[in-house]
Amino acid sequence: MLSDVTLSFCSDIDDTGICYLAFCKKLITLRLNFATRITSSGLLDVAVGCKNLSTLHLINCNEIVGNSEWLKYLGSDGSLKELVVKNCKGISHYNLLLFGPGWIKLQRFVFQVRTLRSSFERQDPAYVPNCQYKYDFCYESLKELTLRRIVSLEEIGLRSLLGKCKLLEKIFLHFVIGLTDSDVITLAQNCSNLKSISLQLKPVSCEEPEGSIYRMPLKDESLKALALGCRMLEVVELTMFACSPDYPEIGFTQEGLVTFFQSCPIHDLVLCGANIFDDDGMKALASAQFLETLELMDCIEITDAGMCFLADCPSFVNLTLRQCDGFSDVGVTEVVRARKLDSLIVEGCSQDLPGAALTEIMKRITRTSDLSSLSLVSKRLYTIDAEHRSTIRVGRGLWPAKEALLTLCSRFSNLRKVEINYHDWTRGDGNQIDNQGLLTLSTCCPLLTDLILSFCYYIDDSGLAYLTDCKKLVSLRLNSAKNITSSGLLVVAIGCKNLSGLHLINCNKISGNPEWLKYLGSDGSLEELVVKNCGGISQYDLLLFGPGWMKLQRFVFEVSNLYNILRLRDPSFVANYQHSYDFCCESLKDLRLRGIATVEEIGLRSLLGKSKSLQILCLHFVLGLTDSDMITLSQNCSNLKSISLQLESVLGVGPQRRVFRMLSLKGLALGCRMLQIVELAVYSRHTPYPEIGFSQEGLATFFQSCPIREPVLCGANIFDDEVMKALSSAQFLETLKLMDCNRITDARMRLLANGSSLVNLTLQDCRGFTDDGVSEVVRARNLDSLIVQGCRVSWKAVKGAAKSVRYDRNCPVYGRLTRQIAAKPEGCPAMSSKLSLEDLPDALLAEIVKRIANTSDLKSISLVSKRLYTIEAEQRSSICVGSDLCPAIDALSALCSRIPQFVGKMDYSGWKFHWNLLEKHIFSLHFPVLRDLTLYIDDIRMGCLASCKNLMSLRLNSVSAIGSRGLLSVAVGCKNLTSLHIIKCNHIVGSDKWLEYIGSAGSLEELVVKNCKRISQYDLLKFGPGWMKLKKFELEFKRSFNTYEPRDPCYVDNYQYGYDFCCESLKDVTLATIVTKPEVGLRCLLTKCKALERLCLHYVIGISDHDIITISQNCSNLRSISLSQEVLLCEIPGGTGVMARTPLTDDSLNALALRSHMLEAVELMFYGCAPDWPSEIAFTQDGLVTLLQSCPICHLVLRGANFFDDEGMEALSSAQFLETLELMQCVAVTDVGMRFLAQSPCLKNLTLQMCYEVTDDGVCEVARARDLESLTVESCNQISLEALQGAAKSVHYKVLCDE
């Protein structure tokens, strides 16, 4: 199955070895690079044996001679599509003229000689002057041509190609001696599709009327010809070498260049050595509407003035400047300010950016994706990024983990911070980084200072021991590291002497009483210690930290389950012994304790009396906390700036009260004069009872004494007028947050309106005030942000009340209320809000209900409120009822009363006489506006439906008792009927009057007849005038021999007017399992449907290439075609006999490719064809490839296409519009073909069914290369489920398919 071979620098392979490739019958591509022992003989053997060879590259193969038989043989065979010859001494461009007929199919040709000197030695021995037929062969398929360093002075040689390549799209002419204006003019006249041109020129001696001069061979005549003839030119490169800056030796003038640029839609321009191009040219270039990319090299006449003109170019996004010394920083800065550039490259200019400036730019870029993109711009930026990147974050996307981490660490050698986070990791994501990964980090990152390991389940104590080599490690964070114990932590503590920050979160295997804590304390280097929810560490273990408290600046200790903490006791506690906790923590600035109990044993509560430098304090649910502790705190911590207290009810003195009383607040007010942020949260199960130990006087004094600017009050049910007055008079108050403060009324909110500095207000779950109180505050204060959640306040009261508004009728979960102060920049009046459905107007709610398609969702939403119930009843237009409707009559009447306007569907499939069926007359009584009705029930009088004057759609499925008479009654009574579906209705006779009546009325737009035994295709010809308006028609029978028996009684052989009716409105036709031979029958539709967009022909006996050709000629709007064929006895062309094959051939595909230019969906299915006998299918791979390359097909389905193999997949990969591909029973497609498919540019959806030659490797290749939306694999025995995991956003896998 070998299809692609590349041999580079294989000096031991000679002709004997390469001749073995002749046995690779499917070899498509052969590339030889520096194959110094391979000669023409070996190449001839490959050419003879490999009939499918379509690509040949010969590079630096000096033993291959061009005048031998291999070139003639390849040319006579005519299969080569791509030929590249570079720097082969034995092959001249005159030898390649022997390629002869091979030029016809060639699409890409490259010929390059190493030096011009060698090209002068070759002469064309068969050259005859003035013989115009010397090079008379066809190049009409050639799309890309590259000629470099060839000489064609008298002998034209390969220069003759320029006048013959009518399909040419890309051309590269580099140092072609003998090239003249006449050649370029001929090129422009013949190659109207040219999109890209590259000219590299040198001065030569040119004959002029005044004598010989030294200049470029091309002049403005070439540019004018290109401007007139090549209107599709998008990419232009003009490079002039060896031109003196002081003497313009260039044949082009600036006027010619400007005319050229303004005439063609050029979006990519490269100018090199253009010393005739100055600021005036840049001014003209600025008006080029399509110019996106400009590259200027060695253009020394352009100054800052010209760069300023470039700033006005409308579409300009990419700029490259190399060795342009005429401008300075001023010009480049002007362009940068005016244009939002995607890329900027400056190299070799006098004002080139220094490395220090680039480094500073890179440092200011914080987003990792931006850094990665910028590093790909140039090698210089790549190097600077690698040198200065100090932080990376990796996790689930790192695959394979070990190799990828090693690559990252090798590239970024100066990493200082590394985060490894495997949150939400599953085994389907591949292996995690393990202990070896930490070894890689410690080895390759000597500067590592900060390491974060989150959810790293593959790392244990052994891996953590490698961190001892990171001598500069300062911070270590472990989150959910379930395999790390105290032993590993001790090793890190001993080895990393500079460790100053340690975070332990959800590390349940680490216990608090071993040596690691004592060692860290004795070392005394730790400045930050965070312990959260570690089951093995209690607050009393942390007292072992000893001398370590002296240097500690931040300490956090949290416990998730308070009741577990109550069981822990301090074993060294001695009652009334004041020196039990005798240690110093004077450096502590940030202290946070949560969920601990300090009743008899003081424990960590002892820190409150020792932290003289404390600035931030959070005490959340600390049992045992008293007024005495708060007074001690206020006496010692004069620098305290922020305090957060979250409290619950405890048994106190007297009624159930808190232990905090007015003394705590007074102490804070007197001792903590720098307090700015205060949070007081009280959580209680008995909201009406005042369980708060604080008094109103204490709160008022507290707010008036301290410069508080951000108070947060939660559950303060003692709030009264005195407290609100104190708040409103607070001079520094900027932000206020009130939660669950139900005693605040409108009167107290009005007091708040007097606050002099209030700009941010949050109200959550406060139900004591209304719109009036909030409106008073809003009118008085110019708020920056307003948040209202769960209050008795309407949206109207807060709409437009602040620069940023957030509104919600519901409140966050109680106990999880957090600060949500919206920060908006000054001058930005944007408003955001959250609304509930009840706040929306009826018209908008009705529109929302209309867009809900799921019936169960509609039922659920109608139960939310009476308003939604009413709107849903008014808007509901469709119901489906059936065997669960009981009692039938009463239930249906109730539905009709509630939903008077509806489209009905009644489904009694599976009904077993449990209840009475619906009465006959109920439709006409209750459904006066019935428009769509689907019946699956028995014994119904169709005549009652005649009263439904608005009935537009009727679908009958398996209605065994309905006959032609009932259908005629509906046709007569329902004048608006536009859609009729008849499925498995065997009592309806096609020869009766109902069909003629509907046809004469001419109102029907959609007619579907499926599996009705007494309706034949010939009956439907009686539809007469009805065909004129019909837009969709389907006729389908079950597959049986009975379909061959009906005959057309009116058929007259060779009478062309037998089927003379008009169906020009028909857009969708489906014919399945019918016989149209010898009578044409409904096959006549194929010649009449000029508006046809969708065609399905499944097992239509009698269909031929002539019919498909007729369709392609008449139906230019065809967008979708589906053909299902089986093997039949077909006549051999010439009438020499019959053979078993499918009826349609490549003639059909070629006709569709030639004329159906809007074809988007193609389905080709073949049944009954032997997998090992491809000749049974009359379609060939070439015909299918032609169709795919000619039409914008985005959806392709192939079933049983045993002629379609890897070569077809290669052609398929170049289909620009293909998004969905379904391959079923395509047994010739292998992994090689799947690798080709990986190159398909737009592929999003892939289905493989019964493709037995495709394995995991092929599917993985596609999955890695394409970002698939969906991947379906069924009954492919060599593809496993493991290979498909994560291969697409939606993956469907079945061991056995349904068919």
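Position 1 is the first residue of the sequence; numbering continues from there.
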Verdict with supporting geometry, Leu408 and Leu398, side chain to side chain contact (heavy atoms under 4.5 Å, CB included): CA-CA 10 Å; Leu408 285 173; Leu398 201 67; 3.9 Å; yes

Do Leu738 and Ile744 have side chains that approach each other closer than 4.5 Å (heavy atoms only, starting at C-beta)? yes

Expected output: side-chain Gln432 to main-chain Tyr457 donor-acceptor under 3.5 Å: yes

Using every non-hydrogen atom in the two residues, find where Ala597 and Gln539 come nearest and quote the distance to one decimal. O-NE2, 2.7 Å

Shortest non-hydrogen pair, Leu448 vs Arg416, comes out as CD1-O, 3.6 Å

Any idea which heavy atoms bring Leu526 and Gly501 closest together, and the distance? CD1-N, 3.9 Å

Tell me the salt bridge (charged side-chain N to carboxylate O under 4.0 Å, His left out) pairs involving residues 472-482, sequence neighbours left out? Asp450-Arg477

Heavy atoms, side chains only, cut-off 4.5 Å: are Leu552 and Phe545 in contact? yes

Which residues share a salt bridge (Lys or Arg N to Asp or Glu O under 4.0 Å) with Glu403, sequence neighbours left out: none

Start with the C-alpha distance between Asn760 and Leu736, add both sets of side-chain angles, then the distance that settles side chain to side chain contact (heavy atoms under 4.5 Å, CB included), and finish with yes or no. CA-CA 6 Å; Asn760 304 301; Leu736 175 62; over 6 Å; no

Say whether, by atom type as modelled, one donor and one acceptor occur between the side chain of Ser442 and the main chain of Leu467 under 3.5 angstrom. no

For the backbone of Leu415 and the side chain of Ser390, can you confirm whether one donor and one acceptor N or O come within less than 3.5 Å of each other? no

Give every residue pair that meets the salt bridge (charged side-chain N to carboxylate O under 4.0 Å, His left out) criterion with at least one member in residues 420-438, sequence neighbours excluded. Arg396-Asp429, Lys402-Asp434

Residues which pass ring-ring contact (aromatic ring centres under 6.0 Å, His included) with Tyr466, listed by chain and number, not counting sequence neighbours: none

Do Gln646 and Arg594 come within less than 4.5 Å of each other through their side chains, counting heavy atoms only? yes

In this structure, CG of Leu608 is separated from SG of Cys637 (nearest 0.5 Å) by 7.5 Å

Before you tell me yes or no, could you show the steps for Val394 and Ile433 under side chain to side chain contact (heavy atoms under 4.5 Å, CB included), namely the whole-Å CA-CA distance, both residues' side-chain angles and the distance that decides it to 0.1 Å? CA-CA 10 Å; Val394 297; Ile433 293 175; 4.2 Å; yes

Residue list, salt bridge (Lys or Arg N to Asp or Glu O under 4.0 Å) with Lys641, at least two apart or on another chain: none

Are any of the side-chain heavy atoms of Leu680 and Val678 separated by less than 4.5 Å? yes

Testing Leu478, Val492, Leu504, Asp460 for side chain to side chain contact (heavy atoms under 4.5 Å, CB included) with Ile484, which one passes? Leu478

Between the SG atom in Cys445 and the CG atom in Asp469, the distance rounded to the nearest 0.5 Å is 12.0 Å

Keeping to residues at least two apart or across chains, list the salt bridge (charged side-chain N to carboxylate O under 4.0 Å, His left out) pairs with something in residues 547-558. Glu528-Arg554, Arg554-Asp590

What's the separation between atom CG in Asn636 and atom OG in Ser611, rounded to the nearest 0.5 Å? 8.5 Å

Just wondering, do Lys589 and Ile616 contact through their side chains at under 4.5 Å, heavy atoms? no

Find the distance between CD1 (Ile537) and SG (Cys507) and round it off to the nearest 0.5 Å. 8.0 Å

Is the backbone of Ala465 close enough, under 3.5 Å, to the side chain of Thr468 for a donor and an acceptor to pair up by distance? yes

Starting at CG of Leu499, measure out to CG of Leu520 and round the result to the nearest 0.5 Å. 6.5 Å

Residues forming a ring-ring contact (aromatic ring centres under 6.0 Å, His included) with Phe455, sequence neighbours excluded: His423

Using ring-ring contact (aromatic ring centres under 6.0 Å, His included) as the criterion, list what pairs up with Tyr458, not counting sequence neighbours. Trp425

Any idea which heavy atoms bring Leu517 and Asp541 closest together, and the distance? CD2-O, 3.1 Å

Between Trp516 and Ser511, is there a donor-acceptor pair closer than 3.5 Å when you use the side chain of the first and the backbone of the second? yes

Who pairs with Phe702 by ring-ring contact (aromatic ring centres under 6.0 Å, His included), at least two apart in sequence or on another chain? none

What pairs of residues pass the salt bridge (charged side-chain N to carboxylate O under 4.0 Å, His left out) test when at least one of them lies in residues 628-640, not counting sequence neighbours? Arg605-Asp629

Shortest non-hydrogen pair, Ile677 vs Arg709, comes out as CD1-NH2, 4.4 Å

To the closest 0.5 Å, what do you measure between CG (Leu617) and CD1 (Ile643)? 5.0 Å

Hydrogens and angles aside, do Ser487 and Asp461 bring a side-chain donor and acceptor to less than 3.5 Å of each other? no

Of all pairs that satisfy side chain to side chain donor-acceptor pair (under 3.5 Å), the ones with a partner from residues 490-500, not counting sequence neighbours: Lys497-Tyr519

Within a strict 4.5 Å, meaning less than it, do heavy atoms of the Leu640 and Leu675 side chains meet? yes

So, do Leu733 and Phe703 sit near enough that their side-chain heavy atoms are less than 4.5 Å apart? no

All salt bridge (Lys or Arg N to Asp or Glu O under 4.0 Å) counterparts of Arg673, not counting sequence neighbours: none

Quick one: does any side-chain atom of Asp740 pair with a main-chain N or O of Cys714 as donor and acceptor, under 3.5 Å? no

Do side-chain atoms of Glu710 reach the backbone of Ser642 as a donor and acceptor pair under 3.5 angstrom? no

Audit row: Leu542, Phe557, side chain to side chain contact (heavy atoms under 4.5 Å, CB included) steps and yes/no: CA-CA 9 Å; Leu542 291 165; Phe557 183 74; 3.3 Å; yes

Give a yes or no on whether a salt bridge exists between Asp765 and Arg767, defined as a side-chain N under 4.0 angstrom from a carboxylate O. yes

For residues Leu438 and Leu441, determine if any side-chain heavy atom of one lies less than 4.5 Å from a side-chain heavy atom of the other. yes

Quick check against the 3.5 Å criterion: does Ser634 have a side-chain atom that pairs as donor or acceptor with the backbone of Gly667? yes

Nearest heavy-atom neighbours spanning Asn414 and Leu447: OD1-CD1, 3.6 Å

Ser413 (side chain) donor-acceptor with Cys409 (main chain) under 3.5 angstrom: no

